[in-house]
Amino acid sequence: MKNQLHFSRFFWSLILLVSFGLLASCGQQGSTQSSATLSGGDVASAVYVAPGEHDEFYGFFSGGFSGQVSVYGLPSGRLLKIIPVFSVDAEKGYGFNEETKPMLNTSFGFVPWDDSHHPELSQTNGETDGRWLFINGNNTPRVARLDLSTFETAEIIEIPNSGGNHSSPFTTENTEYVVAGTRFSVPYPQADVSIDSYAENFKGMLTFIKVGEDGDMEIAFQILLPAFDYDLAHSGKGKSHGWTFFTSYNTEQKNTLLEVSASQNDKDFIAAINWKKAEEFIASGKYKEVPARYFNNEYDDHTHMATSKEVKSVKVLTPADCPGLVYFLPTPKSPHGVDVDPTGEYIVGNGKLSADLTVHSFTKMQAAIENKAFDGEIAGVPVLKFDEVVGGVVKEPGLGPLHTEFDAKGNAYTTFFISSEIVKWKVGTWEVLDRIPCYYSVGHLMIPGGDSKKPQGKYMVALNKITKDRYLPTGPEMAHSAQLYDISGDKMKLLLDFPTMGEPHYAQGISADRIVSKSKKFYRIEDNKHPYRAMGEKDARVERDGKTVHVYMTTIRSHFAPDNIEGVRVGDKVLFHVTNLEQDWDVPHGFAVMGANNAELLIMPGQTETLLWEPDRVGVIPFYCTDFCSALHQEMQGYIRVSPANSNTPLKWGLGDEFKEGVAMN
Amino acid sequence: MLMALAAISLITLFIWPMWRITLIAPQYPEGVDLFIYINKIGGDSPGTLQNINILNHYIGMKFIEPDSIPELTYFPYIIFAMIGLGLVAAGINKASVYLGWAILFVILAILGIYDFYLWEYDYGHSLSPNAPIKIPGASFQPPLFGKKDIINFTAISLPHTSGIIAGCSILLAGLAWRLRRRG
């Protein structure tokens, strides 16, 4: 024991030395590397997408602490769009206009920020299908679904009984479920207890979210597990379809100084969940319906509004009542990513503090369960014997393995954070084939389709945690660096560096043709079912209802209707319901009014959006279009007259020569 | 037989456009297509007419409003009459009747194209005095046939599917006349 401890200390000192050494020599390495690749000649043309031409792949990158998703073209690395998901976005009015505020509603009220980690494309038969992109909110546990015909957030569901939604939203092979495992175990049920009572009172909850044919998400069931930290997940495919695997660390169940206390066990666990069995237990009533409070928010493309629905209970399965539901696979050491190879046979446990990379065999796992090759059990969960489930070990591939993705030729690619490199190895023979440095300290990696049954990749993206000298300096804070590699040959080849938004954790890639044909150009005005729509200038009007003033406004190149409004008073709540009457691609109009305490509106053709404005002073206030729409965009402006609170200025509105007067509704 | 075919082929005027005006500009790489049918004016999407009107309003051109073009209402009756007369002609089965139908249709077609020209002239010249953009000396009249540059746009005006079929219908009637006369 003591010897082991000494060895372990020696080992860690070595790692620290090596990593400091790497960081110290970063500068020189970086410059020599880039000149070497540039002199390669054909590298530039490999990522060059000529003006007017399109990239071959879409890349969806998580925005990390920006809470959003950014969309890149690959191989060019050109930023195409930032999609607001968990954080408000003043640019698009997301979370500021009345229609999208409900998207960010939770049991904690309006939560305008989150930390988004893992984008996951929907799949059919284990292949990415370009319908939706799911992504987790880590801080206030949530899962979002993005519609890839509009590239907008379509739905957000809150996860109850969770302390931090990290091992999420990894899909099953037909998008039957996306999952949400808690990284931080919390008291279950939440209670005012001593933090010291961790091992006794805390639990870890794994959640399965059912995804309907139309994408609609609802929580199907939760599974109550010991208070470990559930880190990452991936579902089985092919032969292992029906299972989902979650890594765990802190199986020591400690609640302070985790960097030491949670790094003591030689092996932690991968929790293997048989979700088909779970469905049987739910059908046979083996669950407890537990009170809960969480919100499910959905955006409708016809009403152009989100609605927020409260849900008040959840079905919970407990392993002790459900034999065969969960097994623990011992895995060295504090495994981070868990990645299933395209055949579904091999489950890679990326033991981030382990010297080797452990790969479990699904076939052996099945046999071990059959033969009851158990090493005891924890909270009703059988622990499978390590030797009975290991399918292979990649010996000393590098330091600090985090994540593995696959190509279509039976190769695996694993990131090593500490040694800052990606190592290519052969699935089945476990031999290391190639290694390439990353600049610097790579976290996730992404190969298009690289976590599906059908990897599409000839490219691989490294998502690096440290940038340092890779770009022109921009002060203390820098864009995180992504790097694109060519993996079509035997040797990996660095092609491109490009900056990313926030901190991209994971990313997903898909060949563009699976999305392009479905991409919406504008919303049909006839389909607009917004309750405050104006279907043409004839519908443009102003209505007073007590202290609330509804402005039914339209936009078309290049004027608002109405563009002169009088009869508004200090203390009114003015709601500008702006309908964009355009029916052409790429003609959004913006709407901004002086002193608004929220943001602008950015209204797509055929859409209606609403801005709340509370005038606080007498005067005539301008408003204008913010999105350059035409040669007469600069003329797209108007005025609203604000009279004193007790004034009798009549309600009056108009455009050009036509003015109308209105009467108050009460 | 050929005569009946010539008459019946005119039904296609109600199915496919007879004329197409395409506008091309750098910011409209895929072009904007205006389709003219015997009874309506449409575009490659439901919003096309609105989009063309938005472009035209910069130079003060009148809005193209199909409801204000009476020809779209009464042209269909003329075509119905020509189909009916053509079938009657086929029944009578005389060379002179065939020739008469063909000549009548040619006259009507010339009148129709002249009417089209008048509309184009009207759109191109009756510009609002309040137009935001005025370009002295510029001609905004779309071409009757072929290609023309109108400020930043290139406009291409050509017969489309049913217009070509209607043209063939005249040829068919002519052929019927020739064959009947020989026979």
Side-chain angles (χ1 to χ4, degrees), chain A residues 49-54 149 302 516-517 519-528 533-540 554-561 563 579-589 603-608 625 627-637 655-658, chain B residues 17 20-37 40-68 123 127-140 149-155:
Chain A
V49 177
E53 288 183 11
H54 292 174
S149 69
H302 296 294
V516 168
S517 60
S519 192
K520 206 185 243 324
K521 292 191 168 171
F522 56 84
Y523 300 96
R524 283 164 51 94
I525 189 84
E526 307 88 70
D527 297 339
N528 186 324
R533 66 192 180 272
M535 296 297 272
E537 290 185 3
K538 63 181 184 342
D539 291 346
T554 64
T555 61
I556 199 158
R557 283 162 287 173
S558 282
H559 56 268
F560 295 101
D563 66 358
T579 302
N580 184 352
L581 298 176
E582 304 282 357
Q583 290 289 278
D584 201 358
W585 195 18
D586 202 12
V587 198
H589 288 290
I603 315 123
M604 298 303 124
Q607 226 179 15
T608 302
C625 173
D627 188 325
F628 204 105
C629 56
S630 79
L632 299 170
H633 160 75
Q634 212 68 347
E635 285 73 15
M636 193 162 172
Q637 57 184 345
L655 168 73
D657 296 329
E658 282 187 44
Chain B
R20 176 170 73 178
I21 300 177
T22 302
L23 300 171
I24 296 168
Q27 63 270 53
Y28 292 89
E30 70 282 11
V32 181
D33 283 328
L34 185 73
F35 291 113
I36 300 161
Y37 296 72
K40 62 179 179 182
I41 296 177
D44 46 2
S45 83
T48 301
L49 202 55
Q50 171 174 303
N51 297 330
I52 289 176
N53 283 332
I54 288 169
L55 291 173
N56 290 346
H57 99 282
Y58 296 122
I59 51 162
M61 193 183 280
K62 279 193 289 198
F63 275 22
I64 302 169
E65 284 172 359
D67 289 348
S68 68
Y123 281 121
L127 303 177
S128 164
N130 298 326
I133 298 174
K134 290 174 186 153
I135 304 173
S139 163
F140 300 118
D149 288 337
I150 305 174
I151 52 175
N152 59 321
F153 279 93
T154 300

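Below, chain A is the first sequence line, B the second, and so on; all start at residue 1.
Atom CH2 of A:W585 and atom OG of B:S45 lie 12.5 Å apart (nearest 0.5 Å). The line from CD1 of A:I556 to CD of B:Q50 is 4.0 Å long, rounded to the nearest 0.5 Å. Between atom CD1 of residue B:I54 and atom CG of residue A:L632 there is a gap of 11.5 Å, rounded to the nearest 0.5 Å. Taken from OG1 in B:T48 to CD in A:Q583, the straight-line distance is 10.5 Å, to the nearest 0.5 Å.
By a heavy-atom distance cut of under 4.5 Å, not one residue of residues 20-27 of chain B is near chain A. Chain A is approached within less than 4.5 Å, heavy atom to heavy atom, by B:H57, B:Y58 from residues 57-68 of chain B, ordered by number.
By the neighbour-count criterion of 12 heavy atoms within 6.0 Å, atom CD of A:E658 is sparsely surrounded, having that number or fewer from other residues, nucleotides or ligands. The 12-atom threshold is exceeded at CD of A:E635, counting heavy atoms of other residues, nucleotides or ligands nearer than 6.0 Å.
Proximity to chain A (any heavy atom under 4.5 Å) is restricted, for B:P46, to the side chain, taken from C-beta onward. Heavy-atom distances place both the backbone and the side chain of A:E582 under 4.5 Å from chain B.
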